[in-house]
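Below is one structure, written out as structure tokens, with a few remarks after it.
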Amino acid sequence: MRRQFHSPIVLLGARLLSPYIMVFGWYVIIHGHYSPGGGFQGGALLAASVLLIRVAGGRRIARLQIQEFATTPLAVIGVLIYFATGLVAMAMGGYFLDYGALPIPGMDPDWLRYTGILIIEVGIGLAVMAILVMIYDNMVKGEDYA
Amino acid sequence: MIWELELVIYIFLALSAIVALEVKDLLVAVVMMTIFSFLMALLFVAMGAIDVGFTEAVIGAGVTGILFVVVVYQTSRKSKD
């Protein structure tokens with residue numbers, strides 16, 4: 001990056017705004033299966049709240065929040081949640097992502113579908129957040145990064 | 001929706017697009033594109049596509065602006081070689 005100077009007012013504004021954006025992102029993810037929004041939009045909101053701190057505070061403060069090496073495992077965990085749900089449903093005798101076949105005891109099939117979509121959305125949100133933060137980190141780091 | 005309000009939004013949309021194309025400073029162009037994206041999201045919501053408008057507001061006005069600012073700060077106006 002070019003020359004950076006410290007502005008406490010910008011940092012204070014970002015610190016004030018960032019938790020509310022993050023809570024709204026989780027709200028969008030959790031309510032994604034019956035209202036507008038969903039995993040992608042909520043994940044992008046979570047990424048926006050992380051990137052706000054990164055832009056305002058610089059690399060030293062960003063290291064306290066989500067470290068650079070943690071983004072790839074988070075994205076992998078998100079993708080694994082997605083595929084694990086689908087494959088478990090497949091292993092229990094249904095189709096891929098057939099939520100009605102999920103082995104959660106004590107639930108009707110309609111509640112199973114409800115819960116299955118919720119699990120999928122959490123996985124998608126994690127993956128989208130981690131990958132958007134990873135793109136930002138790699139762009140800031142410079143050109144020689146494969 | 002109220003058509004007068006939509007007309008105002010359309011006028012501002014065209015203005016922000018023209019300014020983003022014609023301005024010399026790249027940072028101003030990025031801010032103008034963010035404004036364009038947000039007005040576009042308002043129009044999507046007015047047309048009834050709430051999900052599309054939501055995505056446009058989050059991605060176009062939030063994340064893409066930050067990424068463009070990073071790109072602008074990593075390039076220089078004149079080449080050194």
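If you're wondering where the values come from, they're calculated on a predicted model, not measured in any experiment. In the text below, chain A, chain B and the rest are named by the order of the sequence lines, each starting its count at 1. We use all heavy atoms of the structure for the numbers below, so side chains are in, but hydrogens, waters and symmetry mates are not.
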>> As a quick check of understanding, evaluate side-chain contact (heavy atoms from CB on, under 4.5 Å) for A:Leu102 and A:Met92, giving each step before the final call.
In response: CA-CA 7 Å; A:Leu102 283 179; A:Met92 298 309 285; over 6 Å; no
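- Of all heavy-atom pairs between A:Leu11 and A:Gly57, the closest is CD1-CA, 3.8 Å.
- Interface with chain A: from residues 9-44 of chain B, no residue qualifies, criterion being any non-hydrogen pair under 4.5 Å.
- Of all heavy-atom pairs between A:Val128 and A:Gly43, the closest is CG1-C, 3.9 Å.
- Under a hydrophobic-cluster definition in which Ile, Leu, Val, Met, Phe, Trp and Tyr are linked whenever side-chain heavy atoms come within less than 4.5 Å, directly or via other members, A:Leu118 and A:Ile124 are assigned to different clusters.
- Annotation for A:Tyr95: atom OH does not count as buried by contact number, only 12 or fewer foreign heavy atoms lying within 6.0 Å.
- Per-residue heavy-atom pair counts under 4.5 Å with chain A were compared for B:Leu67, B:Ile50, B:Val71, and the maximum is reached by B:Leu67.
- In this structure, A:Ile77 is a member of the same hydrophobic cluster as A:Ile119, with clusters built from ILVMFWY side-chain heavy atoms closer than 4.5 Å.
- Using non-hydrogen atoms only and a strict 4.5 Å limit, the part of residues 19-41 of chain A facing chain B consists of A:Phe24, A:Val28, A:Pro36, A:Gly37, A:Phe40, A:Gln41.
- Residues from residues 81-90 of chain A never place a non-hydrogen atom less than 4.5 Å from a non-hydrogen atom of chain B.
- Between the CE atom of A:Met139 and the CZ atom of B:Phe68 there is a distance of 8.5 Å, given to the nearest 0.5 Å.
- For residues 54-62 of chain B, heavy-atom neighbours of chain A at less than 4.5 Å comprise B:Phe54, B:Thr55, B:Val58, B:Ile59, sorted by residue number.
- Considering only heavy atoms from C-beta on, B:Met47 stays 4.5 Å or farther from B:Val52 through its side chain.
- You'll find the side chain of A:Asp110 stays beyond 4.5 Å of the side chain of A:Tyr114, heavy atoms only.
- Cluster membership for A:Phe69 and A:Met134, using ILVMFWY side-chain heavy atoms within less than 4.5 angstrom, is not shared.
- Side-chain atoms of A:Thr71 come within 3.5 Å of backbone atoms of A:Glu68 as a donor-acceptor pair (strictly under, hydrogens ignored).
- Across all non-hydrogen atoms, the minimal contact from A:Tyr99 to A:Leu112 is O-CB, 3.7 Å.
- A:Leu132 touches chain B through its side chain: at least one heavy atom from C-beta onward sits under 4.5 Å away, while N, CA, C and O do not.
- For A:Ala130 against A:Leu74, the heavy-atom pair with the smallest separation is CB-CB, 3.7 Å.
- Between A:Ile61 and A:Gln65 there is no side-chain heavy-atom pair separated by less than 4.5 Å.
- Taking both residues in full, the closest heavy atoms of A:Gly78 and A:Leu126 are given as CA-CB, 4.1 Å, listed atom of the first, atom of the second, then distance.
- Open room surrounds CD1 on B:Ile2; 12 or fewer heavy atoms of other groups in view lie less than 6.0 Å from it.
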>> Determine whether A:Met129 and A:Ile66 satisfy the following criterion, side-chain contact (heavy atoms from CB on, under 4.5 Å), listing intermediate values before the conclusion.
In response: CA-CA 11 Å; A:Met129 179 200 81; A:Ile66 292 182; 4.0 Å; yes
